[in-house]
Amino acid sequence: MHFINVILPIPLPKLFTYKITEAESRFLKRGVRVAVEFGKRKMYTALVYEIHQDAPKGYDAKDIHQILDETPIVNETQLNHWQWISEYYMCTLGDVFRAALPSAFLLESETAVLKNEEFTDETVLTDEEFLIFEALQHHSELNVNQVINILEKKTVFPILKSMIDKEAILLKERIYEQYKPKLVKYVRLNPIYTDNKLNDLLESLNRAKKQRDAVLTYFQLNASKKPIKAKDLETESGSSSAIIKALVTKGIFEFYFIQKDRINFKGETNKLKTLNEFQSKALEEIQESFKSKQVTLLHGITSSGKTEIYAELIKQQLKKGKQVLYLLPEIALTTQLIDRLQEYFGEQVSVFHSKYSMNERVEVWNNVLENRSKAQIVLGARSSLFMPFSNLGLIIVDEEHETSYKQFDPAPRYHARDASIVLSHLHKAKVLLGSATPSIESYQNAKEDKYGFVELKRRHGNVLLPEIELVDIKEKHRKKRMKGHFSDRLLKLIEEALEQKEQIILFQNRRGFAPIVECETCGVAPQCPNCDVSLTYHKYKNELRCHYCGHLQAMQYNCGACGSEKLNNKGFGTEQIEQELNELYPNVNIGRMDLDTTRGKYGYQKIIGQFQAQEIDILVGTQMLSKGLDFSNVTLVGVLNADNMLNFPDFRAHERSFQMLVQVSGRAGRAKKRGKVAIQSFNPYHQILQQVSINDYETMFKEQLQERWQFKYPPYYRIIKITLKHRDFLKVDSGVLWLGKSLANIFGEHVLGPTVPGVARVRNEYIRTIAIKIPPKQSLKATKKNIDRIKNTFQAVKDFRPIKFIIDVDNY
Ligand code: ADP
Ligand code: ZN
Ligand code: ZN
């Protein structure tokens with residue numbers, strides 16, 4: 001008798017066993033998918049993990065339905081990596097399996113399919129496929145069980161897969177956005193026309209009056225120093241596209257495009273930039289460090305040109321025929337980087353993104369699996385770690401300090417930086433961590449010589465780091481020198497920059513208009529009905545929203561508690577800043593970048609593109625502005641209020657504030673001129689603000705490290721956090737008390753809590769947390785074993801079983 005143990009894409013603590021035939025046993029391999037039935041006649045896609053001859057104990061193994069792949073779609077290295085993730089982060093292999101594979105690979109009975117409205121050529125469909133296609137003319141969607149009924153057979157996954165490949169159907173629950181790149185056409189004067197040749201030029205056009213007018217209008221528009229759209233030139237000069245085209249044909253004007261197609265790169269590649277002397281030195285040091293160290297940290301200040309060094313390292317790997325994984329904190333923000341890398345490596349760059357369509361993701365997966373040259377470089381956010389690499393030579397973790405590398409929900413709750421280091425061991429590859437503001441953990445590892453360490457302390461072109469000014473707004477308020485949320489000083493700097501036609505970034509770490517609407521009479525603020533949190537006012541749509549569950553309702557004009565009409569806005573967000581600016585500077589173009597304005601796959605691209613094209617003069621935004629953007633014309637960065645992040649109740653609040661402020665300051669003055677930064681605060685003497693103002697990472701690091709030691713936090717102590725959730729308040733409460741006691745029996749003083757978190761109810765579930773601190777010498781393995789044991793006992797109590805039990809390891 002032959003059996004397989006499979007991973008099911010559900011959180012089962014153990015692998016499940018199925019029966020296979022002798023012939024199947026010879027054909028099947030680890031990493032091949034099979035369709036199986038599990039539970040009450042539910043179909044799943046499972047992954048073969050082991051092939052053996054031992055019947056399972058306690059149940060009769062069922063037959064599999066079908067083999068779905070001819071060759072493995074997941075390789076041995078991946079399976080080993082998954083194993084590590086599930087052990088280290090205390091989750092099931094099923095959790096990892098579900099997170100790792102594009103959903104198109106995971107058909108199951110619940111999966112619903114839809115007709116692809118753009119599909120027209122029915123002749124490519126087989127008879128069975130056509131039956132399904134026809135059924136979809138009458139039903140808006142079908143789930144897999146319905147498909148089984150229509151075809152009167154159980155083995156339907158391959159048929160659906162084939163229809164997906166032919167783009168006849170789509171999986172539901174995915175949002176599809178067809179990307180049609182918008183190419184904006186700009187004109188510029190052919191550079192051969194230098195100032196002393198302009199008269200000749202105009203003279204040569206004496207007999208072509210309209211063309212001459214167009215050139216004159218061009219000179220006028222050009223005075224603003226902004227790129228000139230072909231369309232604008234046409235309207236302003238009262239000419240036509242034919243006239244402009246004629247000037248291009250004559251070689252007087254040139255067309256160029258600012259936004260490029262980011263996905264299907266077709267253009268030419270350029271040579272890499274020549275490294276400056278500091279970059280060359282850093283590159284050499286990194287190579288030297290790679291000889292003895294698995295991981296190297298590159299601490300390079302903002303705009304020092306880390307990307308150019310990465311590009312060199314990538315080039316070397318490609319020469320050796322190796323694959324490169326380039327991890328980024330948030331892929332949506334990095335269109336600029338994709339452009340830069342495509343400029344160098346063209347089609348060899350593949351981007352993997354959870355917002356991309358199913359087909360795009362499957363395509364990247366298959367390219368990597370087959371080690372095609374198209375996917376030699378994979379660029380992506382944390383989940384691109386799960387690609388089927390076979391030949392990885394280098395992993396770059398850019399902005400390694402970023403918190404978005406950690407997945408909080410759902411399991412696996414992994415940290416992509418840490419998991420990538422383990423992955424590099426499996427491939428015998430190297431890891432380069434890069435940041436201008438490294439995490440305390442990584443810097444400590446470098447100091448202790450666990451990681452190699454390389455510094456890059458000059459900005460490219462020797463531009464100085466921006467001059468940072470702290471503005472005391474307590475004082476300004478007292479002296480009545482505030483206009484709304486702006487001090488007179490910040491306004492002056494803004495006006496100076498506007499005068500010079502330079503661009504400005506303003507940073508406000510909150511979106512929305514005024515986070516809270518409060519009744520002046522009784523003090524009550526409208527609350528979310530599902531969460532214990534006040535609703536946020538969004539002026540543009542005049543509604544109140546919950547940032548936790550998405551609940552929204554119309555703005556109210558009377559207090560729900562006392563009926564008073566005196567509702568007041570407390571605090572402030574990006575939207576309000578935008579409005580104040582519009583009132584202060586009615587003739588200036590103001591843009592806003594936050595979660596609300598950047599929805600959709602290309603939301604960011606649009607705003608970034610507009611800012612780059614200088615259609616926006618002042619960009620107001622949340623922390624997403626701080627991440628790796630490179631705009632050459634920005635000379636001023638303003639931070640409206642640094643205090644709320646410093647006062648955040650988290651042991652990392654100071655480290656995070658430092659990182660965020662240094663990063664956002666780094667957006668100023670990147671090209672030629674030294675930039676300026678103004679940080680407004682009620683407490684400018686705060687040590688972190690002082691350290692930011694002189695870019696003193698080292699002192700920040702030392703002080704924070706001391707505090708971490710004193711208060712028993714990472715990097716000295718590790719933290720495992722347990723969260724319990726349930727709709728019944730009493731149940732969670734008694735559960736968490738029980739759990740707290742059991743944990744304290746073993747871990748004593750190292751148990752923190754039970755705690756009621758700041759937002760104690762989300763989506764109608766009550767939340768309680770407990771943290772376990774693990775001292776440096778205590779075995780992590782043994783600790784986890786104990787926690788697991790207590791969890792099992794907890795879940796054996798009938799009353800507690802329905803409570804959600806969430807474990808988060810290294811809850812940074
Ligand atoms: P970082 O990632 O360290 O903040 P970037 O890699 O974005 O810095 O570089 C900052 C700017 O300087 C970019 O516009 C980049 O093109 C430019 N730059 C960096 N190094 C060079 C070089 N060696 N030659 C020309 N331009 C460079
Ligand atoms: Zn809510
Ligand atoms: Zn009231």
Side-chain angles (χ1 to χ4, degrees), residues 270-283 286 297-315 326 328-329 333-344 396-402 432-438 454-466 512 515-516 525-536 543-553 608 612 626-634 637 659 662-673 675 695 727 758-767:
N270 284 331
K271 275 220 288 239
L272 270 61
K273 298 202 166 75
T274 315
L275 297 187
N276 64 41
E277 63 177 300
F278 306 100
Q279 290 168 329
S280 307
K281 185 158 165 283
L283 177 66
I286 292 167
L297 173 65
L298 171 62
H299 182 199
I301 62 172
T302 53
S303 203
S304 55
K306 296 184 284 295
T307 320
E308 308 301 331
I309 298 182
Y310 302 155
E312 283 292 342
L313 291 164
I314 292 171
K315 195 171 111 188
Y326 191 135
L328 289 159
L333 287 172
T334 31
T335 56
Q336 284 194 328
L337 183 75
I338 298 171
D339 280 355
R340 276 167 80 177
L341 290 182
Q342 284 189 334
E343 186 190 333
Y344 298 148
I396 294 165
V397 186
D398 197 9
E399 312 289 0
E400 67 86 30
H401 64 279
E402 279 287 342
L432 183 66
L433 308 178
S435 175
T437 52
V454 176
E455 278 184 305
L456 185 55
K457 290 195 155 170
R458 296 285 187 107
R459 281 191 146 185
H460 175 68
N462 265 328
V463 183
L464 288 176
L465 276 175
I516 297 169
Q527 300 285 307
C528 173
N530 313 317
C531 314
D532 283 347
V533 69
S534 303
L535 294 169
T536 305
E543 63 193 13
L544 293 168
R545 270 193 225 163
C546 171
H547 287 182
Y548 285 83
C549 73
H551 167 87
L552 48 94
Q553 65 189 54
I608 289 171
Q612 207 151 26
S626 69
K627 287 167 197 165
L629 296 173
D630 184 31
F631 300 108
S632 56
N633 194 41
V634 173
V637 167
Q659 288 162 340
V662 169
Q663 293 285 350
V664 72
S665 302
R667 303 310 117 209
R670 291 171 72 88
K672 286 161 234 125
K673 191 169 145 186
N695 194 32
R727 294 172 85 94
V759 179
R761 186 178 53 119
V762 171
R763 294 173 206 271
N764 285 316
E765 287 182 316
Y766 292 91
I767 307 171

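Quick caveat, the model's predicted, so the values are computed rather than measured. Note that these values count all heavy atoms, side chains included, but never hydrogens, waters or copies made by symmetry. Counting convention: from 1, in listed order, for ligands and their atoms alike.
Here the side chains of T302 and R667 are in contact, with some heavy-atom distance below 4.5 Å. Taking the side chain as every heavy atom from C-beta outward, S435 and Q663 approach each other to under 4.5 Å.
The backbone N or O of Q279 lies less than 3.5 Å from no partner atom in the side chain of R458, so there is not a single donor-acceptor pair. Side-chain atoms of E399 do not come within 3.5 Å of backbone N or O of T437 as any donor-acceptor pair. Checked by atom type and distance alone, the side chain of K306 pairs as donor or acceptor with a backbone atom of I301 at under 3.5 Å. With H299 contributing its side chain and V454 its backbone, the two residues share no donor-acceptor pair below 3.5 Å.
Close approach of ligand 1 to I301 is summarised as follows: ligand atoms under 4.0 Å from at least one heavy atom of the residue are 3 (O). Atoms of ligand 1 lying under 4.0 Å from at least one heavy atom of G305, given by number and element, are 1 (P), 3 (O), 5 (P), 6 (O), 8 (O), 9 (O), 19 (C). Residue N276 has at least one heavy-atom neighbour below 4.0 Å for each of these atoms of ligand 1: 23 (N). Atoms of ligand 1 lying under 4.0 Å from at least one heavy atom of T302, given by number and element, are 4 (O). Atoms of ligand 1 found under 4.0 Å from any heavy atom of S303, numbered from 1 in the order shown, are 1 (P), 3 (O), 4 (O), 8 (O), 10 (C). With ligand atoms numbered from 1 in the order given, ligand 1 contributes 22 (C), 23 (N), 24 (N) to contacts under 4.0 Å with heavy atoms of T274.
Considering only non-hydrogen atoms, atom 16 (O) of ligand 1 lies nearest to E308 out of Q279, E399, E308. Taking each of T307, L456, L337 in turn, the one with a heavy atom nearest to atom 6 (O) of ligand 1 proves to be T307.
Neither side chain, R459 nor N462, offers a donor N or O lying under 3.5 Å from an acceptor on the other. Between the side chains of E308 and Y344, at least one donor-acceptor pair of N or O atoms lies under 3.5 Å.
Using a 4.0 Å heavy-atom cutoff, D398 is absent from the residues neighbouring ligand 1. At a 4.0 Å cut-off, not a single heavy atom of G300 sits close enough to ligand 1 to count as contact.
Heavy atoms of K306 found under 4.0 angstrom from ligand 1 belong to the backbone as well as the side chain. Under 4.0 Å from ligand 1, not a single heavy atom of R459 appears.
Between K457 and E455 there is a salt bridge, since at least one side-chain N of the basic residue sits less than 4.0 Å from a carboxylate O of the acidic one.
Between the SG atom of C546 and the SG atom of C531, the angle taken at the Zn ion (ligand 2) works out to 110° after rounding to 10°.
Geometrically, ligand 1 and R340 share a nitrogen or oxygen pair separated by less than 3.5 Å.
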